[in-house]
Amino acid sequence: MTHTFVVNSDGTTTIQVDFNDEGVDLQGTTNVKGEEDKATAYLPFFESDLRRNFADKFPVPVITDPNGGMI
Amino acid sequence: MRLSDAQGHELKLGSNDSVPVTINGSLANGENIIGKVGIDQTTDGATNRVVAKISQAEGENVVGLAAGTNNIGDVDVLTLPALPAGTNKIGSIDVLSSIDTTNSTPVVGSKTITATAAEIFAGASAKTNRRKLFVKSEESVLRFRIGPSTVTQQSGTAIEPGAAILITLDPAIAVPVYAISEGASLQVTVWEV
């Protein structure tokens, strides 16, 4: 996931995320109160929410057998 | 007066006889009805078409009817002015759309509310033209607060554990709604329409 922060003049910061680098067509935008430090603190939670709410867009992880092959 | 023919012979008329009469001069003015009259009018309209001239002077064009209460028959109204703003009742009105109605597919999702005030919505961003925002706390201990971007852990509307709030919005105006936890992070479910 890639992200960008845009500090706004009204004391908020816009967070823009894009999962295109993971091969997933999903973009998200939100705003937090504060500057980049607040945005940085909130970013993991925003990412987690998107991965959960749009789980159908993300490929199911393949669990491999420690002895080789797939389970 | 005796009638005679061209040879001078006296004419005697029976009761059913008739004599053609030629009137060389004009008829005098009067009120007597003289029978059917054919009108040959070539100036106004076509032949045999009579145009009524409502005027005081001869030759003037037809003027508008004077104001009054007389019934002049069916009238076709071509255009009507827009109704001015007011409080008059104008009859039954069909309401095409209402903010209270759900007229688009709702968006649902879960959201993590942290100690950083952040915008709250169900999907990847706030739903365009949303008219309702429903937020329900899935937390059993902590409260969170909801309000504008200036909401803090001490201000805003407090939402109790397990409680919910429904916010009605104008779909034409994008109003961001923020939420902040009074303590640690907590989960809420969100519904937007």
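Within every chain, numbering begins at 1; the chains are lettered A, B, ... in the order of the sequence lines, protein sequences first and strands thereafter.
- Residues Leu186(B) and Ile146(B) fall within the same hydrophobic cluster, defined by Ile, Leu, Val, Met, Phe, Trp and Tyr side chains chained together at heavy-atom separations under 4.5 Å.
- Between Gly123(B) and Leu50(A) the shortest heavy-atom distance is O-CD2, 4.0 Å.
- With side-chain heavy atoms closer than 4.5 Å counting as contact, directly or through intermediates, the hydrophobic cluster containing Val77(B) also holds Leu80(B).
- Proximity to chain A (any heavy atom under 4.5 Å) is shown, for Ala115(B), by neither the backbone nor the side chain.
- If you chain together hydrophobic residues whose side chains sit under 4.5 Å apart, Leu142(B) and Val190(B) fall into the same group.
- Per-residue heavy-atom pair counts under 4.5 Å with chain A were compared for Ala122(B), Ala126(B), Ala118(B), and the maximum is reached by Ala118(B).
- The hydrophobic cluster containing Val175(B) also contains Leu133(B), counting ILVMFWY residues as joined when their side-chain heavy atoms lie under 4.5 angstrom apart, directly or transitively.
- The hydrophobic clustering, which links ILVMFWY residues whose side-chain heavy atoms are closer than 4.5 Å, places Val188(B) and Val151(B) apart.
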Could you list every donor-acceptor pair linking chain B to chain A (distance under 3.5 Å, backbone and side chains)?
| residue | atom | partner | partner atom | Å |
| --- | --- | --- | --- | --- |
| Ser110(B) | N | Asn53(A) | OD1 | 2.8 |
| Ser110(B) | O | Asn53(A) | ND2 | 2.9 |
| Ser110(B) | OG | Arg52(A) | NE | 2.6 |
| Ser110(B) | OG | Arg52(A) | NH2 | 3.3 |
| Ser110(B) | OG | Asn53(A) | OD1 | 3.4 |
| Thr112(B) | N | Asp49(A) | OD1 | 3.4 |
| Thr112(B) | N | Asp49(A) | OD2 | 2.9 |
| Thr112(B) | OG1 | Asp49(A) | OD1 | 2.7 |
| Ala117(B) | O | Lys33(A) | N | 2.8 |
| Glu119(B) | N | Asn31(A) | O | 2.8 |
| Glu119(B) | OE1 | Asn31(A) | ND2 | 2.8 |
| Ala124(B) | O | Thr29(A) | N | 2.9 |
| Gln187(B) | OE1 | Arg52(A) | NH2 | 3.3 |

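- Of all residues in residues 159-167 of chain B, none places a non-hydrogen atom less than 4.5 angstrom from a non-hydrogen atom of chain A.
- Evaluation of the ring-ring contact (aromatic ring centres under 6.0 Å, His included) rule for Phe45(A) yields no partner, not counting sequence neighbours.
- By the rule that hydrophobic residues join a cluster once side-chain heavy atoms approach within less than 4.5 Å of another member, Phe54(A) and Val17(A) end up as members of one cluster.
- Of the two parts of Ile15(A), neither the backbone nor the side chain holds a non-hydrogen atom closer than 4.5 Å to a non-hydrogen atom of chain B.
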